[in-house]
Amino acid sequence: IHKPYSFSSSSNPTSFIKDNCLNFPKYVVTGAINNTHVPNLCKNDVNNDQLDDHEVGFEEEEVSGHKLTETDVYAAVELALDSVIKIFTVASSPNYFLPWQNKLQRETMGSGFVISGKKILTNAHVVADHTFVLVRKHGCPTKYRAEVLAVGHECDLAVLVVENEEFWQGVNHLELGEIPFLQEAVAVVGYPQGGDNISVTKGVVSRVEPTQYVHGATQLLAIQIDAAINPGNSGGPAIMGDKVAGVAFQNLSGAENIGYIIPVPVIKHFIAGIEECGKYVGFCSLGLSCQAMENQQLREHFGMDNGMTGVLVSKINPISEAHKILKRDDVILAFDGVAIANDGTVITTMVVPFRNRERITFDHLVSMKKPNEKAELKVLRDGKECNFLINVHPLQPLVPVHQFDKLPSYYIFAGLLFIPLSQPYLHEYGEEWYNASPRRLCERALREQPKKAGEQLVILSQVLMDDINAGYERLAELQVKKVNGVEIDNLKHLCQLVEECKEKNLRIDLDDDRVIVLDYHKAKLATSRILKRHRIPSAASSDLVESEEEENVATSQN
């Protein structure tokens, strides 16, 4: 199912295809995204008008026992003038083919708004890979330096702080509201392209359901609206009545006026994790791949009585807590007391009071749990109903889907460049990376699961040519399996095995039963001249060097 979403992103365009399963989405980049977070091509035209604060009014209409809030655009503008912020970001993404280098810096802009606690909420993609961030209030000619306090790339949210107290003078924070009902009006406020001053677009809520978040390659609850979300709008509030209904973050390419906002439950989950743990904690997963049980014969085969509904467990992530408790062919009937339908959905009235018979996938219930919080599952196993308590926590894939705000890991020995495989590395092959990148690596990146915590898929990225490695250049882009007969767990493990080699020859086993053999002493000497020739500052990335230093300190203390 191709969902060509676009959003305020960095210069690496991506769009994703989701594999048809409940809990293990596989994403494939298939085409370019029209970024709504664009280089700042506008001249500043500062508006110095001063506005007086006064009360604003909102009308309410009662439908089916619920009061629908009628959003007044003028009131929304007045509410937002002292709260919505323009964000200017200078960012530089890593070069995954040459991981010791960064790409050219780029200037982008987006929107944000003030929340309680003197913080600014915006989208993660507005500040992704940032090196410098400035913010500006409406009607103010001065830009202030901002720091990124926390980023959640999965939910595409970030919190900024400004230390300069002058910035906070005359600034008001916005309150978070609730999930709007269908057809309720919202006003999206921000700084889209085409001008320098604040802009407002009005629309209504069209749909509320889990949606693919392009930036984080995850599926979380989102709200579809028919208001235009244009380049630069990202991070701005969608106001309903006198409160925030969500954060604008992406639109649908090729469609007119189909935008998406991040709803309040996702925002609150993100903020609560920061307040409780001091950092972004992520969104939980059971680590299951499930199959719908809409076929009557399938239900009968697994012993489901009439009236029973649920989903079939087809695959379990080996590093999840569920792997110790659940089994393949279990049927999950309910999650935390909420019955699961045969298509994997739950009715929203069981989750959010007063919803009008809307259904969402039960993944949403899982994602809203706190890390290490217990979840109660009602399971049908071998014809018998069982109840299990499972701790849920965020799970990391074997091959990372994104790696924002961090430098790539790498290790060079005798001109052989080793890196852990990641989707950003595959994206370096261009917009058509799914077809242009090595097929075997691409398939493993999308389908393989980790067998243990900390596992990485390490590959020989390229060979920096020298006499010591002549003849091995055709072995690039193969996975590394063993070093001197020892299976490697990750790049750090490979680095340790190479550095601690006591043999005369170093043997490296690759995929396809290919073998590299090097004279260890000669190879170690060759490494220095190769680094100097290619102007590479270090044979290992900073994370590997720091890890080695910490281990040496710990060893000396013992």
Side-chain angles (χ1 to χ4, degrees), residues 3 5-8 18 36 63 66-71 73 76 80 84 111-113 115 121-125 152 154-157 174-190 192 200-216 218-230 233-253 255-271 283 345-349 351-361 363-365 367-368:
K3 294 185 178 180
Y5 297 113
S6 67
F7 71 124
S8 305
K18 175 181 174 294
T36 61
V63 177
H66 171 73
K67 290 184 178 180
L68 298 182
T69 303
E70 187 68 27
T71 299
V73 174
V84 179
S111 306
F113 62 96
I115 58 175
L121 187 67
T122 185
N123 283 143
H125 68 257
E154 288 79 9
C155 59
D156 202 359
L157 290 170
L174 295 178
E175 298 286 348
L176 299 178
E178 301 294 338
I179 299 177
F181 281 74
L182 300 183
Q183 288 301 305
E184 281 197 287
V186 295
V188 178
V189 186
V200 182
T201 54
K202 184 180 179 182
V204 298
V205 175
S206 307
R207 185 180 290 142
V208 181
E209 65 180 4
T211 302
Q212 197 167 258
Y213 282 42
V214 175
H215 177 71
T218 51
Q219 187 138 343
L220 296 170
L221 192 67
I223 299 171
Q224 179 184 319
I225 60 175
D226 67 357
I229 296 180
N230 295 312
N233 262 129
S234 285
I239 296 175
M240 181 183 68
D242 59 349
K243 294 185 178 180
V244 174
V247 177
F249 76 114
Q250 65 186 32
N251 60 34
L252 190 62
S253 298
E256 292 186 4
N257 294 341
I258 296 182
Y260 294 87
I261 62 176
I262 302 170
V264 171
V266 176
I267 298 171
K268 287 184 175 179
H269 182 91
F270 168 71
I271 294 175
F283 286 77
T345 64
V346 297
I347 193 163
T348 55
T349 52
V351 184
V352 182
F354 311 118
R355 299 303 295 182
N356 190 24
R357 300 191 306 278
E358 300 165 61
R359 302 193 72 89
I360 57 175
T361 60
D363 288 354
H364 171 66
L365 305 184
S367 65
M368 289 296 102

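Counting begins at 1 with the first residue of the sequence.
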Whether the side chain of [X] engages the backbone of [Y] through a donor-acceptor N/O pair (distance < 3.5 Å, no angle test) should be reported.
X: T218; Y: E154; value: yes
X: T122; Y: S111; value: yes
X: T211; Y: E209; value: yes
X: D226; Y: V204; value: yes
X: T361; Y: T345; value: no

Are the side chains of [Y] and [X] in contact, using a 4.5 Å heavy-atom criterion?
X: P265; Y: I179; result: yes
X: P210; Y: D363; result: no
X: L121; Y: V247; result: yes

Legend entry - Parallel, tilted or perpendicular, as decided by the 30° and 60° cut-offs, for the rings of F249 and Y213: tilted
Inset, instruction - Report yes if the distance between the aromatic ring centroids of F283 and F270 is under 6.0 Å, otherwise no. - result: no
How close do [X] and [Y] get, counting heavy atoms only, and between which atoms?
X: I262; Y: D156; value: CD1-O, 3.6 Å
X: V244; Y: P237; value: CG2-CB, 4.1 Å
X: G235; Y: N123; value: N-OD1, 2.7 Å
X: S367; Y: L220; value: CB-CD2, 3.8 Å
X: A227; Y: V188; value: CB-CG2, 4.1 Å
X: A222; Y: P263; value: CA-CD, 3.7 Å

At what distance, to the nearest 0.5 angstrom, does [atom1] of [X] lie from [atom2] of [Y]?
X: T201; Y: N230; atom1: OG1; atom2: CG; answer: 7.0 Å
X: Q250; Y: I229; atom1: CD; atom2: CD1; answer: 8.5 Å
X: M240; Y: I261; atom1: CE; atom2: CD1; answer: 9.0 Å
X: I239; Y: L174; atom1: CD1; atom2: CG; answer: 5.5 Å
X: I258; Y: S253; atom1: CD1; atom2: OG; answer: 10.5 Å

Inset, instruction - Evaluate side-chain contact (heavy atoms from CB on, under 4.5 Å) for V266 paired with M368, printing each intermediate quantity in order. - result: CA-CA 8 Å; V266 176; M368 289 296 102; 4.1 Å; yes
Legend entry - Residues, nucleotides or ligands: over 12 heavy atoms within 6.0 Å of Q224 CD: yes
Inset, instruction - Starting from the C-alpha separation in whole Å, work towards a yes-or-no answer on side-chain contact (heavy atoms from CB on, under 4.5 Å) for V208 and L221. - result: CA-CA 7 Å; V208 181; L221 192 67; 4.2 Å; yes
Legend entry - Test log, rule side-chain contact (heavy atoms from CB on, under 4.5 Å), inputs V205 and F181: CA-CA 7 Å; V205 175; F181 281 74; over 6 Å; no
